[in-house]
Participant: 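One structure, pasted below without further comment.
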Amino acid sequence: MNEYILEPAINVEVMDRANVLVIGAGPAGCAAAIAAARAGAGRVILAERYNHLGGMATGGQVILIPSLSYKKTMMIKGIMLEALEKLSSIKNGFFGPSRDIMGSEKPSDVEHWKPYFNMTRNEHVCYGGYTDPEIFKIVLQQMIEDAGVIVYLHCWGCRAIGQGGIVHGVCFESKEGRKAILADTVIDCTGDGDIAASAGASFRHAYHDGLRNASLGLVYRLGIEDFQKFTDYTVVDREGWKLHNKKLNEISGFPIVLFPTGQSNVAWVDNWLLGYDCLNVKDLTTVEFRVRRTIFDVIEYVNNNKIPGLYPMTLYDTAYQTGTRGSRRILCNKELSIQDVYQGTSFDDVVAVLPSIEVITVKGGLDEIYPEKPTQIPLGALQVKNMKNLLVAGRCFSSDAQANNLINLIPHCFAMGQAAGVACAVAVRSGTEVSNVNYVEVREELLCQGVYLPDGEK
Ligand SMILES: Cc1cc2nc3c(=O)[nH]c(=O)nc-3n(C[C@H](O)[C@H](O)[C@H](O)COP(=O)(O)OP(=O)(O)OC[C@H]3O[C@@H](n4cnc5c(N)ncnc54)[C@H](O)[C@@H]3O)c2cc1C
């Protein structure tokens, strides 16, 4: 039987007030805050529980940015593209095909990039790549500061304040104790939908075991000799590597895949652990411990077998944040379904267009079916049902489990965040509730911010 105590009521000090308050500074939250500030939303506050910006893309060490393009069309532009361009201009910040060969069908280009996951598609080169998470933190910070966003780190958003479909602000726990930030509009970018759920929004939280977003992970990086040498070896001795790879999965007790990073002598290890719930503290702890327990065994196996390119291997670092791929999906006015993804449904309130990508299943193979057409995200999938001034953006957006599996990756979350930030800014500027915001004005502002939308190219 569960035991309970009753906490005494306390006076909570108001620490600040915002026109737009964004909770969670991952890909969605950073994009939302920057977009809102640039669109003239007034006082934009971004609050984050940890000590850095970027969420999974930095602290979670998820460094693979899959394709932003389809053939010769750059579909995810705006803040995501801007961030990648900044990363590319910094030594070791970004590793991937250059923009000049985006859409190239030249066999030499395609063959060169084929071993790198999601860098080619249907015999053409895509625009995407691998980032350095530490450099990414700094790039995001520069963009946030340049936009004039006010940031509070080390603030854990624990409860929405509000009633009757209006969220007046959010209470935070920090070293200063419990304090509140009041706001005209709120965007929940916690990835887990913490704020929307505490405001009483309905949500789904069920996943199928075969899906990527049913799994957790704790990614880590390894010091190696040279990733290109390793890639060449896997091409030349495909069968030999297959056997080693199988053994490494057995040693770990869950699937692991090695990817390149911006540094030739560092490899990134992604992994997939099933049967855990990212909203359960015991499960989160178990995942952290289970993965760290295996790392030295992986290194020992590689070094004993002198695997070309990987040997001599050392531990470089482990991610600061547990990898949570799927969490609450908050119910909004519209819900993106897997049929919408497969059919490329057009929406009359489209705010983002996402090229299709390949996704790894938890069993280590590729999803057999993935869409050909781009996916449209409607504004309705970010407007929380029965809430007047609350949006969600990022992996907790309104979607069925399978759609969420394909459409919650870093570029997608940047694009959704930018749309949510712009929608809030337009609502604040025009004095309307964001649930009733004028779509035409949102679209105009998104186009001004360089976002790709259907029929939007001038
Ligand atoms: C192991 C792993 C591998 C992946 N591989 C890829 C890949 O190869 N390519 C790809 O594009 N995507 C990949 N993904 C998916 C992608 O990383 C995430 O879906 C994406 O980062 C989600 O962005 P987000 O902004 O919605 O949430 P997050 O990145 O989770 O950011 C949420 C932010 O909110 C903060 N936060 C949470 N709760 C609170 C709170 N209550 N108060 C204050 N702050 C809070 C968090 O600290 C975090 O900074 C992977 C994910 C994982 C876990």
Side-chain angles (χ1 to χ4, degrees), residues 21-33 46-68 76 80 117-118 128-131 133 136-137 140 151-160 170-174 181 187-198 212-220 254-257 259 268-273 278-279 287 291 319-330 354 357-360 362 382 392-397 404-417 420:
L21 172 60
V22 182
I23 324 292
C30 287
L46 174 62
E48 162 62 42
R49 65 180 164 169
Y50 291 144
N51 73 343
H52 57 267
L53 307 179
M56 286 299 149
T58 59
Q61 281 190 0
V62 176
I63 60 167
L64 198 177
I65 308 278
S67 183
L68 310 191
I76 301 181
M80 172 83 270
F117 185 54
N118 261 317
Y130 299 80
T131 63
F136 207 175
K137 284 178 191 170
L140 286 171
V151 178
Y152 292 111
L153 298 177
H154 300 286
C155 283
W156 194 300
C158 46
R159 192 173 62 78
V170 175
C171 282
F172 295 87
E173 283 293 344
S174 74
I181 300 176
I187 312 177
D188 183 339
C189 293
T190 60
D192 297 323
D194 287 358
I195 303 306
S198 77
R212 180 191 69 86
N213 55 0
S215 65
L216 275 72
L218 178 74
V219 303
Y220 55 95
F254 43 82
I256 66 170
V257 175
F259 289 101
W268 176 58
V269 182
D270 200 355
N271 46 50
W272 293 261
L273 284 84
C278 64
L279 299 178
V287 169
V291 175
Y320 306 98
Q321 289 177 227
T322 321
T324 51
R325 292 184 171 90
S327 189
R328 296 185 190 98
R329 285 166 281 119
I330 305 297
L354 315 173
I357 46 122
E358 291 174 347
V359 164
I360 292 183
V362 277
L382 312 179
V392 288
R395 61 190 163 85
C396 53
F397 85 110
N404 191 275
N405 188 48
L406 295 175
I407 306 293
N408 82 4
L409 301 179
I410 292 165
H412 309 157
C413 295
F414 265 94
M416 285 188 249

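Both ligands and their constituent atoms are indexed starting at 1 by order of listing.
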Participant: Please state which protein non-hydrogen atom is closest to atom 1 (C) of ligand 1 and give its distance, to 0.1 Å?
Facilitator: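 Closest protein heavy atom to atom 1 (C) of ligand 1: Arg325 NH2, 3.1 Å.
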Participant: Looking at Pro411, which atoms of ligand 1 are within less than 4.0 Å of one of its heavy atoms?
Facilitator: 11 (O)
Participant: From atom 15 (C) of ligand 1, work out which of Ile23, Asp270, Asn408 has a heavy atom at the shortest distance.
Facilitator: Asn408
Participant: Check each atom of ligand 1 against the heavy atoms of Gly394 and keep those under 4.0 Å away; list them by number with element.
Facilitator: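 With Gly394 as reference, the close atoms of ligand 1 come out as 26 (O).
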Participant: What are the two closest non-hydrogen atoms of Ala57 and Pro27, and how far apart are they?
Facilitator: CB-CG, 4.0 Å
Participant: Please determine if Leu64 has a nitrogen or oxygen closer than 3.5 Å to a nitrogen or oxygen of ligand 1.
Facilitator: yes
Participant: Give, for atom NE2 of His154 and atom NE2 of His52, the distance between the pair rounded to the nearest 0.5 Å.
Facilitator: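 Taking NE2 in His154 and NE2 in His52, the distance rounds to 10.0 Å.
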Participant: Is Cys189 close enough to touch ligand 1? Criterion: a residue heavy atom under 4.0 Å from a ligand atom.
Facilitator: yes
Participant: Apply side-chain contact (heavy atoms from CB on, under 4.5 Å) to Asp192 and Cys278, showing your working.
Facilitator: CA-CA 8 Å; Asp192 297 323; Cys278 64; 4.1 Å; yes
Participant: Just go through Arg395, Glu48, His154 and tell me whose heavy atom is the nearest to atom 30 (O) of ligand 1.
Facilitator: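 The nearest heavy atom belongs to Arg395.
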Participant: Do Asn271 and Val291 make a side-chain contact, defined as non-hydrogen atoms from C-beta onward lying under 4.5 Å apart?
Facilitator: yes
Participant: Can you tell me how far CG of Leu382 sits from CE of Met416, rounded to the nearest 0.5 angstrom?
Facilitator: 7.0 Å
Participant: Tell me: protein heavy atom nearest atom 33 (C) of ligand 1, and distance?
Facilitator: Gly26 N, 3.5 Å
Participant: Give yes if a backbone or side-chain nitrogen or oxygen of Gly191 is under 3.5 Å from a nitrogen or oxygen of ligand 1, and no if not.
Facilitator: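 No, Gly191 has no N/O under 3.5 Å of an N/O on ligand 1.
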Participant: Look up atom NE2 in His412 and atom CD1 in Ile407, then write down how far apart they are to the nearest 0.5 Å.
Facilitator: 4.5 Å
Participant: Considering only heavy atoms, does Cys158 approach ligand 1 within less than 4.0 Å through its side chain, its backbone, both, or neither?
Facilitator: neither
Participant: Considering heavy atoms of the protein only, find what lies nearest to atom 5 (N) of ligand 1 and give residue, atom and distance to 0.1 Å.
Facilitator: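 Looking at atom 5 (N) of ligand 1, the protein heavy atom closest to it is Val62 CG1, 3.3 Å.
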Participant: Quick one: which ligand 1 atoms are inside 4.0 Å of a heavy atom on Tyr50?
Facilitator: 47 (O)
Participant: Any chance you could lay out the side chain to side chain donor-acceptor pair (under 3.5 Å) test for Ser198 and Arg159, step after step, and finish with the verdict?
Facilitator: CA-CA 6 Å; Ser198 77; Arg159 192 173 62 78; over 6 Å; no
Participant: Examine Pro66 against ligand 1 and note whether any of their N/O atoms are separated by less than 3.5 Å.
Facilitator: no
Participant: Between Phe136 and Phe414, what is the ring plane arrangement, given parallel below 30°, perpendicular above 60°, and tilted in between?
Facilitator: parallel
Participant: Considering the heavy atoms of Trp156, write down every atom of ligand 1 situated less than 4.0 Å from one of them.
Facilitator: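 Those of ligand 1 that fall under 4.0 Å from Trp156 are 41 (N), 42 (N).
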Participant: To the nearest 0.5 angstrom, please state how far the CD1 atom of Ile65 sits from the CG atom of Leu409.
Facilitator: 9.5 Å
Participant: Contact between ligand 1 and Ala319 is defined here as a heavy atom of the residue under 4.0 Å from a ligand atom; is it met?
Facilitator: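 No heavy atom of Ala319 comes that close to ligand 1.
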Participant: At a 4.0 Å cut-off, with the gap strictly under it, does some heavy atom of Thr324 reach an atom of ligand 1?
Facilitator: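 Under 4.0 Å: yes for Thr324.
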Participant: Do Phe259 and Tyr130 pass the side-chain contact (heavy atoms from CB on, under 4.5 Å) test, and can you show the C-alpha distance, the side-chain angles, and the key distance before you say yes or no?
Facilitator: CA-CA 9 Å; Phe259 289 101; Tyr130 299 80; 3.8 Å; yes
Participant: Say you draw a straight line from CD1 of Ile181 to CZ of Phe172; how long is it, rounded to the nearest 0.5 Å?
Facilitator: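 Here the rounded value is 4.0 Å.
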Participant: With side-chain contact (heavy atoms from CB on, under 4.5 Å) as the criterion, how do Asp194 and Arg328 come out once you've worked through the C-alpha distance, each side chain's angles and the decisive distance to 0.1 Å?
Facilitator: CA-CA 8 Å; Asp194 287 358; Arg328 296 185 190 98; 3.0 Å; yes
Participant: So for Gly59, does at least one of its heavy atoms come nearer than 4.0 angstrom to any atom of ligand 1?
Facilitator: no
Participant: Measuring only between side-chain heavy atoms, which start at C-beta, is Cys158 closer than 4.5 Å to Cys171?
Facilitator: yes
Participant: For atom 34 (O) of ligand 1, what is the nearest protein heavy atom, given as residue, atom name and distance?
Facilitator: Gly24 CA, 3.1 Å
Participant: Side-chain contact, heavy-atom cut-off 4.5 Å: Leu218 with Tyr220?
Facilitator: no
Participant: Does Asp194 come within less than 4.0 angstrom of ligand 1, counting non-hydrogen atoms of the residue?
Facilitator: yes
Participant: Which of the numbered atoms in ligand 1 are under 4.0 angstrom from any heavy atom belonging to Val219?
Facilitator: 1 (C)
Participant: For Gly323, take its heavy atoms, then give the atoms of ligand 1 lying under 4.0 Å from any of them.
Facilitator: 53 (C)
Participant: Looking only at protein heavy atoms, which one is nearest to atom 46 (C) of ligand 1, and how far off is it?
Facilitator: Arg49 NE, 3.4 Å
Participant: Specify the protein heavy atom at minimum distance from atom 29 (O) of ligand 1: its residue, its atom name, and the distance to 0.1 Å.
Facilitator: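 Among all protein heavy atoms, the one nearest atom 29 (O) of ligand 1 is Met56 N, 2.9 Å.
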Participant: So, taking the atom named OG1 in Thr58 and the one named CG in Leu140, what distance separates them when rounded to the nearest 0.5 Å?
Facilitator: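 One gets 7.0 Å once the value is rounded to the nearest 0.5 Å.
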Participant: I need the nearest protein heavy-atom contact for atom 25 (O) of ligand 1: residue, atom name and distance, please.
Facilitator: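 Result for atom 25 (O) of ligand 1: Ala28 N, 3.0 Å.
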Participant: State which residue, out of Asn404, Thr190, Asn408, Thr324, fulfils the side-chain hydrogen bond (donor to acceptor under 3.5 Å, both in side chains) condition with Arg395.
Facilitator: Thr324
Participant: Is there a nitrogen or oxygen of Ala393 sitting under 3.5 Å from a nitrogen or oxygen of ligand 1?
Facilitator: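 Not met; the criterion fails.
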Participant: Enumerate the atoms of ligand 1 whose separation from the nearest heavy atom of Gly55 is less than 4.0 angstrom.
Facilitator: 29 (O), 31 (O), 48 (C), 49 (O)
Participant: Write out the residue and atom name of the closest protein heavy atom to atom 42 (N) of ligand 1, then the distance separating them to 0.1 Å.
Facilitator: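 That would be Gly157 N, 2.8 Å.
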Participant: Side chain or backbone, does Ile410 bring an N or O within less than 3.5 Å of an N or O on ligand 1?
Facilitator: yes
Participant: Tell me which part of Pro27 gets within contact of ligand 1: side chain, backbone, both or neither, using heavy atoms under 4.0 Å.
Facilitator: both
Participant: For a side-chain contact (heavy atoms from CB on, under 4.5 Å) check, start with the C-alpha distance between Leu46 and Leu53, then their side-chain angles and the critical distance, and finish with the verdict.
Facilitator: CA-CA 10 Å; Leu46 174 62; Leu53 307 179; 4.2 Å; yes
